[in-house]
Colleague: 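Structure in structure tokens, see below.
Residue numbering restarts at 1 for every chain, and letters A, B, ... go by the order of the sequence lines. A quick note: this is a predicted structure, and the numbers were derived from the prediction, not measured.
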Amino acid sequence: MKQINQDFFARNTLVVAKELLGKIIKVGNVSGMIVETEAYRDDPASHAYNKTLRSKLMYDTWGHVYVYFIYGNHWCLNFTTEKNKPGAVLIRALQPLSGIDLMKKRRKTENIKQLTNGPGKLTQALGITNKFNGEVIGKHIKVFDNNLKFEIIQTTRIGISVAKDLPWRFYIKGNPWVSKF
DNA sequence: TACTGGATTCACT
DNA sequence: GTGAATCCAGTAA
């Protein structure tokens with residue numbers, strides 16, 4: 001399996017979000033296949049809309065890990081994109097592949113479907129916190145190519161984004177780990 | 001220094 | 001279907 005290099009992320013955010021589907025994320029001995037992503041660009045729904053200390057990574061880097069905390073409870077995992085524009089792809093759901101026992105322990109559940117079917121869940125299962133924020137992809141969080149073919153659905157999150165050029169959410173059709181939100 | 005709201009999840013009804 | 005938990009970054013002062 002081939003590891004993805006930084007150039008993969010130096011492209012249009014929507015293209016990266018779409019092509020990340022089916023790729024493998026590996027952190028230590030825990031890994032999973034990406035089954036749902038969300039593209040964030042320079043729109044009012046995104047942290048990228050205002051350049052702040054937090055969103056600086058989205059402006060200045062590509063192929064880096066961007067982790068932030070929300071709702072007092074949850075971490076969200078993003079990969080930054082595009083060389084000359086702000087952008088990032090939120091990883092919304094994974095299909096667990098290895099290290100499942102450790103994921104169950106971290107998530108405190110035996111239900112495999114509940115391990116990584118949401119943005120906050122998968123970071124917990126993978127042990128991702130802001131200690132990885134700003135790291136280049138490949139250091140601790142690795143992404144591998146996986147030559148699988150599947151049907152991809154594009155959609156939007158109506159009511160949240162007022163961005164143009166929608167849609168910007170992608171998931172693998174029929175995969176049980178796609179989040180319901 | 002204080003206030004506000006959020007790229008969510010879970011328990012409960 | 002509804003609401004609580006929970007805390008950090010951004011903003012205003």
Colleague: Return no unless some side-chain N or O of A/K121 is found under 4.0 Å from OP1 or OP2 of B/dC10.
Modeller: yes
Colleague: Just how far, in rounded Å, is C1' of C/dA9 from CE of A/M58?
Modeller: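 Value for this atom pair: 15 Å.
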Colleague: Mind checking whether A/Y66 and A/F79 have ring centres under 6.0 Å apart?
Modeller: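 No, ring centres 6.0 Å or more apart.
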Colleague: Side chain to side chain contact (heavy atoms under 4.5 Å, CB included) for A/I24 and A/V143? Distances and angles first, verdict last.
Modeller: CA-CA 5 Å; A/I24 311 291; A/V143 182; over 6 Å; no
Colleague: Only one of A/V65, A/I128, A/L57 forms a side chain to side chain contact (heavy atoms under 4.5 Å, CB included) with A/N133, so which one is it?
Modeller: A/L57
Colleague: Measure from CG on A/L20 to P on B/dA7 and round the result to the nearest Å.
Modeller: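 Going from CG in A/L20 over to P in B/dA7 covers 20 Å.
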Colleague: Assess, by modelled atom type and distance only, whether the side chains of A/S179 and A/R92 contain a donor and an acceptor separated by less than 3.5 Å.
Modeller: yes
Colleague: Is it the case that C/dA5 (base atoms only) and A/Y71 (side chain only) share a donor and an acceptor within less than 3.5 Å, ignoring hydrogens and angles?
Modeller: no
Colleague: Can you measure A/W75 atom CH2 to B/dG6 atom P for me and round it to whole angstrom units?
Modeller: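 Taking CH2 of A/W75 and P of B/dG6, I get 19 Å after rounding.
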Colleague: Tell me: CG of A/L90 to P of B/dA7, nearest whole Å?
Modeller: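 Going from CG in A/L90 over to P in B/dA7 covers 10 Å.
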Colleague: Please give the nucleotide sitting opposite C/dT6 as a Watson-Crick or G-U wobble pair, both distances under 3.5 Å, or none.
Modeller: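 For C/dT6, the partner nucleotide comes out as none, under the 3.5 Å rule.
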Colleague: Using the side-chain heavy atoms of A/F69, tell me which of these nucleotides is nearest: C/dA5, C/dC8, B/dT8.
Modeller: C/dC8
Colleague: What is the base-pairing partner of B/dA7, counting Watson-Crick and G-U wobble geometry with both distances under 3.5 Å?
Modeller: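 Result: none.
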Colleague: When the distance from CD1 of A/I70 to P of B/dC10 is rounded to whole Å, what number comes out?
Modeller: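 My rounded result for the distance is 12 Å.
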Colleague: Quickly work out the A/H74 NE2 to C/dA5 C1' distance and round it to whole Å.
Modeller: 8 Å
Colleague: With stacking defined as ring centroids separated by under 5.5 Å and planes differing by under 30°, is A/Y68 stacked against B/dA7?
Modeller: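 No; by the centre-distance and plane-angle rule, A/Y68 does not count as stacking on B/dA7.
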Colleague: Just compare C/dA5, C/dT11, B/dA7 and give me whichever is closest to any side-chain atom of A/N73.
Modeller: C/dA5
Colleague: On the ring face of A/F9, is A/R11 found with NZ or CZ under 6.0 Å from the centre and within 45° of the axis?
Modeller: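 Output no; distance or angle outside limits.
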Colleague: Rounded to the Å, how far apart are A/N130 CG and C/dC8 C1'?
Modeller: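 Value for this atom pair: 10 Å.
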Colleague: To the nearest Å, give me how far apart CZ (A/R107) and P (B/dT8) are.
Modeller: 14 Å
